[in-house]
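Numbered from 1 within each chain, the chains take letters A, B, ... in sequence-line order.
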Amino acid sequence: MSESESYYQLARRRGVTRRDFLKFCALTGAMLGLDATEFPKIVQALESKPRLPVIYLNLQECTCCTESLLRSAHPLISDLIFNMISLDYMEPLQAAAGKQAEEVRLKTMKEYPGAYLLIVEGSATLGDGGVYCTIGGKSSTELLKEVADGAAAVIAYGSCATNACVQGAYPNPTQAVPIRKVVKNKPVIDVPGCPPIAEVITGTIVHYLTYGKIPELTNLGRPKAFYQHRVHDNCVRRAFFDAGQFVETFDDAGAKQGWCLYKIGCKGPTTYNACAITEWNDGVSYPIKSGHPCIGCSENNYFDNTPFYTRLASIPNNAIGKDADTIGAGILGLTGIAVAAHAGMTAVVKNHEKNRKESNHDKNRN
Amino acid sequence: MTRIVIDPITRIEGHLRIEAVVEGNRIIDAVSAGTVFRGIEKIVENRDPRDVWAFVQRICGVCTHIHALASIRAVEDALDIRIPKNANYIRNIMTATQFVQDHVIHFYHLHGFDWIDVVSALKADPVQTSALARSISNWPNSSDGYFRDVQTKVKTLVESGQLGIFANAYWGHPAYRLPPEANLMGVAHYIEALSWQKEVAKIHTIFGGKNPHPNYLVGGMASTLNMDDNSVINMERLNLVKTKIDEAQVFVDQVLIPDIFAIASFYKQDLYGGGGGNYLAYGGIPIGDIREPESFLFPSGVVLDRDLSKVYDIDLKDPKQIQEFVSHSWYRYDDPKAGLHPWQGKTEASYDGPRPPYTNVDEKKGYSWIKAPRWQGHAMEVGPLARFVIAYARGNKEIKGLVDDALQRLDLPVTALFSTLGRTLARALESKYLVNQLAGFYSDLVANIKAGDSQTFNGEKWEPEKWPAQAQGVGFAEAPRGALGHWVKINNGKVSDYQAVVPTTWNASPRDDSGQKGPYESSLLDTPIVNEDQPLEVLRTIHSFDPCLACATHLLTPTGEEILKVRIL
Amino acid sequence: MGILRRQVYVWQFPIRLFHWVNAVAITVLFLTGMYIGYPIFVSPGEAVQNFFMGNVRYWHGVFAYAFTTNMLFRLYWYWAGNEYSKFRFWKKDFWQDVVATFKYYTFLAPEHTVKVGHNALAQLMYLIFIWISSLFMIFTGFAMRGGSNPNGILQTLFGWVVVNFRGEYQVRNLHHLVAWGYAIFLLSHLYMVIRQDLLDDDGTISSMVNGYKFMICKDALEEETQERLLKK
Ligand code: HEM
Ligand code: HEM
Ligand code: SF4
Ligand code: SF4
Ligand SMILES: [Mg+2]
Ligand code: NI
């Protein structure tokens with residue numbers, strides 16, 4: 001061993017007591033379903049190893065999440081992967097390929113059962129026995145299950161992993177599903193966004209490293225620290241929303257003054273993400289600030305909450321649906337016609353009755 | 001004879017599988033298979049054409065932005081929408097930024113370890129490394145102390161037994177030719193480039209709100225400009241853009257370019273990997289408007305068989321020129337042997353490959369999720385090399401100057417371009433070519449604002465009521481990885497058909513019906529393999545194309561050949 | 001024999017109060033809600049001097065609570081109120097009456113069974129348009145309200161709604177869609193009330209104000225019954 005810190009030392013330095021550390025190891029063990037005699041192994045694995053082993057899987061995705069991770073300003077990605085974690089497997093970055101790459105993954109799984117962190121980018125695919133995404137000749141969904149089985153926790157990173165993103169949109173030809181639907185035996189932390197903000201994912205990872213446990217989650221399983229608020233709750237344009245000053249079309253006079261993008265389809269009011277607070281690329285800007293409405297990229301179903309540039313998306317989706325007002329006002333119109341018709345019919349029937357009664361009356365008289 | 005399998009090919013975007021047949025230390029046949037499918041072309045059917053950029057942008061997060069751009073151009077072409085000048089300047093700034101950022105990431109982080117041996121860097125003398133660095137560049141991070149720090153970092157990592165991303169690679173392979181000092185310098189710049197790339201991406205953040213996946217808009221850009229308001233893009237925002245452009249210029253001039261020459265000088269005898277020798281570029285980065293090809297920074301055209309004396313013109317709308325074949329892909333056409341122009345194109349998955357887990361694909365059947373695009377029947381290579389070859393053949397002064405100067409410095413003939421190294425060199429020179437343009441684009445934008453024009457969006461045809469009942473268009477761009485085209489058909493305000501033919505579809509294409517190999521496959525032929533267990537040379541050639549499999553996604557043996565053993569690598 | 005009418009006290013004060021609070025709340029919620037959907041007025045001047053959209057949202061919130069409380073109160077009154085305030089859809093005669101009334105309204109039967117309170121079909125409409133819709137509006141509404149405090153009371157009670165509609169955007173979209181149900185209800189409701197009043201001349205319209213309806217008495221026996229009832 002060199003003079004570099006072990007994961008245990010790092011945890012200690014960051015204020016985790018030995019008791020907490022043991023508890024964390026026991027918890028990971030319990031999640032794994034190991035019996036108590038196995039705990040010392042985990043403790044030893046983490047105590048003697050410098051950095052937390054991490055396996056990062058890229059499944060059915062576009063790699064924007066990887067790219068976003070590279071953009072992290074604090075911590076720098078180089079600091080994260082060389083000083084804080086041991087990124088043992090990650091296809092886009094690792095030097096080894098093919099068989100050699102698979103060997104590294106298997107080694108980590110074997111040496112750190114129940115102790116490594118699994119980060120998953122991309123959705124699982126259930127269509128046609130998994131042929132829509134294979135890695136090393138294996139269905140990537142099977143690979144996911146295998147690696148998740150021995151992980152301490154799973155971070156579903158990005159909208160593909162948390163809500164199947166664009167490939168999950170109607171008609172979802174490959175039966176893409178979120179990680180949660182496949183990994184049932186491990187705590188899954190959802191970090192949604194397309195991609196998530198760099199500092200949000202690195203923040204989540206470092207939280208886990210520092211406190212030795214998964215961060216507090218919202219009822220949707222997302223770290224509260226980043227997904228507690230709607231973009232709208234802290235938006236720079238919020239004052240214009242409350243005042244009632246809205247951009248009507250792109251680049252109009254209102255747009256030039258930074259008015260609210262609500263009427264051109266902003267999804268900020270129903271989107272939970274850190275954009276308005278943390279902002280993108282080291283706090284430079286975020287979509288709304290630059291002039292484009294939020295498309296709700298961290299929310300389930302966001303590619304079916306379309307068309308984007310309107311207040312009301314189609315129900316159930318843009319490919320086969322209509323918007324609420326077309327449906328609602330349509331039915332109201334039909335009701336109006338029905339009422340009028342019914343009133344007319346009533347008049348006819350009553351008139352008829354009256355005539356009959358009158359003629360009866362006349363007959364009786366005669 | 002051995003059939004080696006490399007799956008996953010790492011340090012690329014997406015999922016690629018290469019199978020190669022090696023005989024007597026040379027590759028005699030190769031198969032390239034893309035192993036992921038998402039069906040985005042199908043998903044955008046029946047959607048609002050103005051939304052589609054966001055869907056297809058998610059084809060790829062590495063090529064982020066360029067699919068969005070091709071998509072809005074396709075819709076603008078179909079509906080005959082003209083964009084304001086500022087929008088074109090902003091699109092150009094974002095495109096050039098993306099090229100430079102992506103090329104640097106590719107060179108250091110994806111391709112770098114094919115040339116740079118990290119473990120050898122441990123043997124380097126920091127003092128000599130510093131001397132080497134200073135002899136080639138003015139870049140300030142070049143003291144011996146600095147290189148010693150980097151070396152210590154790597155040493156600590158190696159000694160900890162946890163090598164992370166460096167674990168189990170082909171370190172020490174005889175095909176690595178750099179001296180320890182150059183390797184150490186390479187590792188240092190790997191780390192620096194990692195920090196730098198996130199800075200230049202901020203240009204996208206200013207105009208598009210975020211990176212990856214900045215925002216686009218049919219009819220212009222959603223980047224509102226007003227120099228007299230503090231809640232939209234004003235001088236402070238533009239100054240940040242300018243600062244990042246200046247930093248990019250310094251990084252490319254002082255780090256990337258000196259490094260590529262230093263590295264190339266050690267590898268100039270390795271001139272394998274040339275491949276089929278057909279090159280295609282749609283042309284792009286319009287200084288004026290996308291409808292004015294004369295104003296393109298990259299000329300369009302086709303060069304066949306490495307013959308620089310003749311450049312053919314391309315017509316993206318001609319049903320006979322660009323066609324996609326699926327006889328070896330996992331898709332179904334009514335006529336399996338047909339080639340379909342993208343406007344007639346179809347994306348219907350029909351898997352007939354081996355059931356996973358499998359050990360080999362069968363090149364006699366379908367073997368890839370990538371279609372096989374062809375130009376007048378020819379398999380074409382696209383990318384920086386293709387762009388440079390075409391610009392060179394067309395006599396583009398600036399590009400010709402860059403190429404001739406580089407070849408002279410390396411003392412290589414023009415034919416050296418047709419190689420793995422040539423591809424890598426062209427990519428670096430292209431970064432230089434574009435970073436030089438960035439400052440110019442920026443001044444154009446500022447000058448136009450100064451002249452009183454702050455418009456970024458043309459809303460004349462925003463509303464679907466103003467569209468014809470039927471329309472079709474094509475949007476094209478040069479992406480960092482090569483020629484990109486999106487073909488759209490619009491029917492009563494909704495997308496009725498959508499096809500994207502992306503650079504990696506061209507490069508990683510499987511065979512077509514006539515058995516013609518795709519560029520990856522043909523470029524691997526004849527590549528020397530020193531060690532079958534460590535096919536570093538294969539990675540080098542494949543990486544030199546900068547594969548992007550989400551964008552597109554497969555190596556195979558000719559029928560009837562006897563395979564002695566299969567090695568899964 | 002002339003047509004005899006007797007005044008019957010049908011709608012107790014709490015019912016009438018419920019009815020008008022309900023009517024006002026729904027009207028305000030519908031109008032503010034639709035405004036939230038389509039904010040058409042542009043506030044003049046600087047943003048800081050205006051809070052129009054904010055106010056509309058505020059009043060939507062206030063009336064949402066009023067509406068919900070009122071509904072809870074009506075629930076209590078099903079139990080505490082008189083015969084006419086009850087609703088027994090699990091009984092066989094309720095469904096027989098639904099069929100009979102349906103026939104009457106579709107002109108398949110000339111007369112309907114005379115009901116002092118509301119007929120079963122009307123009650124069924126209230127069940128669908130007032131109870132089920134309102135439950136939907138209340139659940140989706142509070143789920144949206146609770147959103148920004150993920151582990152707070154509202155979110156704990158209503159957070160599951162968001163999960164079941166694939167995200168808050170669709171919750172909101174469906175909230176908007178179902179809002180139209182109230183417009184549809186009102187149109188049919190007013191038509192039916194006025195029609196009833198005109199055809200049977202039984203004071204239906206004024207009954208929701210003063211509580212009394214006029215009952216047509218066909219024979220002396222029934223007349224007697226009515227009189228006994230009225231004396232009580
Ligand atoms: C008759 C009952 C109601 C009607 C007709 C109604 C109607 C509406 C409509 C049309 C919208 C606009 C939706 C959109 O276009 O995005 C809306 C928004 C909303 N409603 Fe209701 N609503 C009703 C009851 C409630 C209740 C009981 C609540 C409970 C708190 C509620 C809470 C909300 C909230 C939170 C919003 C979102 C407004 C915002 O945050 O800006 N509504 N409502
Ligand atoms: C937004 C407007 C309104 C709503 C939501 C509404 C709703 C209701 C509801 C829920 C009931 C059933 C009462 C119960 O069983 O507790 C009812 C009954 C009634 N409403 Fe309304 N009402 C509205 C407007 C009106 C108006 C404007 C009138 C009179 C002109 C009216 C007249 C009546 C009458 C007469 C009944 C008793 C009907 C019967 O005999 O079955 N309502 N209404
Ligand atoms: S721009 Fe969007 S997020 Fe911002 S205040 Fe307006 S609606 Fe809300
Ligand atoms: S503003 Fe909305 S669409 Fe944009 S990144 Fe944030 S959550 Fe995603
Ligand atoms: Mg395609
Ligand atoms: Ni790509």
Side-chain angles (χ1 to χ4, degrees), chain A residues 2 4 50-51 60 62-64 67-68 71 76-78 81-82 86-87 91 93-101 103-104 128 130-139 166-167 169 173-174 195 249-251 255-258 280-281 284-287 290-292 295 306-309 318-319, chain B residues 6-10 13 15 35-40 42-43 46-48 51 54-55 58 60-62 64 113 156 159-160 162 164-169 191 194-195 198 201-202 205-206 209-213 215 222-224 226 229 231-232 351 356-359 456-457 459 539 550 568-569:
Chain A
S2 72
S4 75
R51 292 169 289 127
Q60 212 187 9
C62 81
T63 318
C64 73
E67 285 280 347
S68 188
R71 310 281 189 274
L76 288 174
I77 180 69
S78 52
I81 64 176
F82 298 130
S86 178
L87 187 55
E91 284 182 54
L93 281 186
Q94 75 188 119
K99 182 183 71 173
Q100 281 88 349
E103 279 170 7
V104 190
D128 201 1
V131 302
Y132 295 119
C133 183
T134 62
I135 298 170
K138 238 186 212 174
S139 123
V166 65
Q167 59 271 27
T174 60
T249 58
F250 284 99
D251 215 28
K256 292 265 188 235
Q257 300 170 69
W280 280 82
N281 307 90
V284 169
S285 183
Y286 67 108
S290 291
H292 193 281
I295 62 170
T306 48
F308 285 127
Y309 300 104
N318 186 218
Chain B
I6 316 171
D7 182 3
I9 295 276
T10 53
E13 191 294 327
H15 303 293
T35 64
V36 64
F37 172 67
R38 293 190 294 152
I40 296 174
K42 215 97 214 123
I43 291 167
N46 279 317
R47 310 263 178 181
D48 187 323
D51 288 354
F55 289 75
R58 271 75 185 172
C60 184
V62 176
T64 185
F113 297 145
T156 318
E159 284 173 359
S160 75
Q162 287 189 302
I165 58 168
F166 299 145
N168 215 22
I191 297 170
L194 212 42
S195 297
K198 75 177 196 312
K202 288 178 181 170
T205 319
I206 300 278
K210 69 200 258 261
N211 173 288
H213 294 333
N215 291 299
S223 334
T224 318
N226 185 349
D229 198 282
S231 37
V232 295
Y351 188 81
Y358 55 83
T359 46
T456 53
F457 170 70
L539 286 187
I568 313 279
L569 292 179

Just checking, any donor-acceptor pair under 3.5 angstrom between side chains of B:Asn168 and A:Glu103? yes
Please name all residues satisfying side chain to side chain contact (heavy atoms under 4.5 Å, CB included) with A:Ala255, sequence neighbours left out, ordered by chain then number. A:Val247, A:Asp252, B:Thr224
Comparing B:His213, B:Arg38, B:Lys42 against chain A, the one with the most heavy-atom pairs below 4.5 Å turns out to be B:Arg38
How long is the gap from NZ on B:Lys202 to CG on A:Asn281, to the nearest 0.5 Å? 7.5 Å
In terms of heavy-atom proximity below 4.5 Å to chain B, should A:Leu76 be classed as side chain, backbone, both, or neither? side chain
Return yes if some donor-acceptor pair links the side-chain N/O of A:Ser290 with the main-chain N/O of B:Ile206 below 3.5 Å, else return no. yes
Non-neighbouring partners of B:Phe457 that pass ring pair (Phe, Tyr, Trp, His ring centres under 6.0 Å), sequence neighbours left out: A:Phe250, B:Trp462
Could you have a look at B:Ala201, B:Ser231, B:Gly39, B:Ser195 and say which one has the most heavy-atom pairs with chain A under 4.5 angstrom? B:Ser231
Does B:Asp51 use its side chain to pair, donor to acceptor, with the backbone of A:Phe308 at less than 3.5 Å? yes
Rounded to the nearest 0.5 Å, how far apart are CZ of B:Phe166 and OG of A:Ser86? 11.0 Å
State whether a side-chain donor-acceptor pair under 3.5 Å links A:Glu91 with B:Thr10. no
I'd like to know which of B:Val62, B:Thr205, B:Asn46 tops the heavy-atom pair count under 4.5 Å against chain A. B:Thr205
A:Ala96 to B:Ala167 - nearest heavy-atom pair and separation: CB-O, 3.4 Å
